[in-house]
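Naming: A, B, ... by sequence-line order, numbering from 1 per chain.
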Protein chains: 2
Amino acid sequence: MISHAEENYLKAIFKISEKEAKAASTNAIAAELQTTAASVTDMLKRLAEKNLIAYEKYRGVELSGEGNRLATALIRKHRLWEVFLVEKLGFAWDEVHDLAEQLEHVQGDDLVDRLDNFLGHPKFDPHGDPIPDAQGRWAFRPQSLLATLKPGDRGVVTGVDDHSAAFLQYLDQLGLTLGAQLELIERIPYDQSLRIRTQDGREITLSEKVGHNLFVKI
Amino acid sequence: MISHAEENYLKAIFKISEKEAKAASTNAIAAELQTTAASVTDMLKRLAEKNLIAYEKYRGVELSGEGNRLATALIRKHRLWEVFLVEKLGFAWDEVHDLAEQLEHVQGDDLVDRLDNFLGHPKFDPHGDPIPDAQGRWAFRPQSLLATLKPGDRGVVTGVDDHSAAFLQYLDQLGLTLGAQLELIERIPYDQSLRIRTQDGREITLSEKVGHNLFVKI
DNA sequence: AATAATTTTTAGACTTGCCTAAAAATATTT
DNA sequence: AAATATTTTTAGGCAAGTCTAAAAATTATT
């Protein structure tokens with residue numbers, strides 16, 4: 001049996017490995033989970049003992065096959081619950097993270113698969129993140145950071161890199177939710193600000209930071 | 001903040017107090033939660049400390065107003081999730097208890113009320129148990145144990161006292177699910193067995209035990 | 001009312017998961 | 001390469017929640 005705490009560590013390690021493409025460090029895990037390096041070291045020993053990670057002192061960790069399988073299942077659960085909360089219960093996309101964080105730990109034989117079925121097998125969650133299927137396969141969808149578009153390029157908002165409520169609410173306010181169309185007018189050389197036209201013809205200026213946190217499909 | 005373990009104790013005390021109409025004993029709580037009397041004593045001290053129960057050594061416990069409020073909210077959550085699992089995800093009534101036991105601990109501002117709304121404000125769960133509303137008010141529905149009917153009485157199955165999977169599956173097999181109509185033909189004096197006629201005209205014999213665990217509305 | 005049986009509590013220990021402070025190892029600078 | 005800075009681990013401790021075994025209190029029996 002695996003505890004909630006252990007599950008959270010696996011997910012954190014998965015998340016870090018995904019970005020960094022190298023072994024996850026103790027400090028990175030501590031930062032991700034808002035805990036201390038000492039606590040992380042404690043837990044890494046336990047996870048290594050259970051063969052869920054490959055751990056070498058001072059060298060960081062990587063998930064084992066089983067650890068990867070568990071982390072993927074957890075992300076699947078998290079994202080399916082997010083879809084449920086938004087699509088069925090009417091929560092906003094910036095309100096669902098903490099709830100899904102709890103719901104993903106609910107254990108039950110075919111709960112996830114029934115939920116998946118009930119929701120119509122969604123491939124992406126309310127933030128545009130892919131939902132792995134029951135076999136752990138990830139959907140792929142070509143997308144680019146808004147910051148990489150060239151003036152004149154048109155795109156559709158497909159996801160976010162920053163999942164903070166502050167960013168999501170700002171996007172709501174701008175009308176830049178998933179599916180919104182936009183066109184890059186120009187990039188200001190001085191500070192890399194981006195002038196875009198929205199689908200209803202408004203022209204708005206976005207900071208470089210926004211450009212690096214918004215995914216669009218060209 | 002209240003822990004999952006504390007919540008489970010409150011629910012157990014509520015359940016026992018409901019039946020016994022007197023202070024819940026340490027042993028009764030231990031039996032309900034499948035733990036030891038020593039563990040219960042430990043926890044009772046903590047709950048008393050938090051003013052969730054009135055606890056006097058060797059004298060059993062009763063819920064405080066706040067304890068009662070929390071236990072009621074918990075039962076509300078549990079039963080709403082059971083409705084969700086059966087109505088929306090298609091689980092059988094004997095499969096949902098353990099899942100709801102986990103889901104009831106999920107904390108979130110208006111999650112329960114949104115769920116309640118999504119489900120159409122059900123008044124009873126899949127086992128016929130009442131679901132308290134957001135203000136903690138209980139629906140009442142007159143019902144009697146099948147064992148108390150007189151020959152010739154007709155009734156509709158409205159609930160069960162025994163929630164075990166074995167009993168629920170047996171009822172499924174007999175076709176005696178919620179809403180099923182039946183008529184008591186006779187009570188066998190020898191062993192209090194009950195001969196009933198089902199709505200499709202079958203005559204079946206039920207043990208005294210079944211008679212004491214099935215609720216019907218006459 | 002005294003003894004026996006039962007229930008409840010206390011005492012002490014264990015695991016999980018977390019912490020701080022100090023030590024050890026690794027990485028970076030000069 | 002030596003000194004410094006950073007990262008990671010160890011050591012020791014704490015709280016929650018559980019356990020067993022023993023002591024204390026209550027209840028039942030004779």
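Geometrically, Lys88(B) does not engage Phe84(A) in a cation-pi contact defined by less than 6.0 Å to the ring centre and at most 45° from the axis.
What separates CD of Glu7(B) from C1' of dG17(D) is a distance of 15 Å, to the nearest Å. Arg46(B) has its CZ atom 12 Å from the P atom of dA15(D), to the nearest Å. In this structure, CD1 of Ile29(B) is placed 16 Å from C1' of dT18(D), rounded to the nearest angstrom. To the nearest angstrom, C1' of dA16(D) lies 15 Å from CG of Leu44(B). In this structure, Glu56(B) places its CD atom 10 Å from P of dT26(D), rounding to the nearest Å. Put simply, CG on Leu33(B) is 12 Å from C1' on dG17(D), counting in whole angstrom units. Atom CG of Asn8(B) and atom C1' of dA16(D) are 14 Å apart (whole Å).
The salt bridge (Lys or Arg N to Asp or Glu O under 4.0 Å) contacts involving residues 2-16 of chain A comprise Glu6(A)-Lys50(A), Lys11(A)-Glu101(A), Lys11(A)-Glu104(A), Lys15(A)-Glu32(A), where partners must be two or more places apart or lie in separate chains.
When only modelled atom types and interatomic distance are considered, Ser25(A) and Asn27(A) share no side-chain donor-acceptor pair under 3.5 Å. Using modelled atom types and a 3.5 Å distance limit, the side chains of His78(A) and Asp125(A) yield no donor-acceptor pair.
Under the 3.5 Å distance criterion, the side-chain polar atoms of Thr26(A) are left unmatched by any main-chain donor or acceptor of Thr41(A).
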Please test Asp113(A) against Arg76(A) for salt bridge (charged side-chain N to carboxylate O under 4.0 Å, His left out), starting from the C-alpha separation and ending with a verdict.
-> CA-CA 10 Å; Asp113(A) 295 334; Arg76(A) 171 170 159 79; 2.8 Å; yes

Let me see the working for Ile29(B) and Leu44(B) under side-chain contact (heavy atoms from CB on, under 4.5 Å), right down to the final yes or no.
-> CA-CA 10 Å; Ile29(B) 298 166; Leu44(B) 294 184; 4.2 Å; yes

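Within the nucleic acid shown, Thr26(B) comes within 4.0 Å of sugar-phosphate atoms alone, with no base atom in reach, counting heavy atoms only. Within 4.0 Å of Ala38(B), counting heavy atoms only, lies at least one base atom of the nucleic acid.
Mapping Tyr58(B) and Thr35(B) onto DNA chain D by nearest heavy atom places Thr35(B) closer to the 5' end of the strand. Residue order along DNA chain C, read from the 5' end via each residue's closest nucleotide, puts His4(A) first among Lys57(A) and His4(A).
Distances shorter than 4.0 Å separate some side-chain N or O of Ser39(B) from OP1 or OP2 on dC19(D). Distances shorter than 4.0 Å separate some side-chain N or O of Tyr9(B) from OP1 or OP2 on dT18(D).
Between chain A and DNA chain C, the heavy-atom contact criterion of under 4.0 Å yields a 5' to 3' nucleotide range of dT16(C) to dA27(C).
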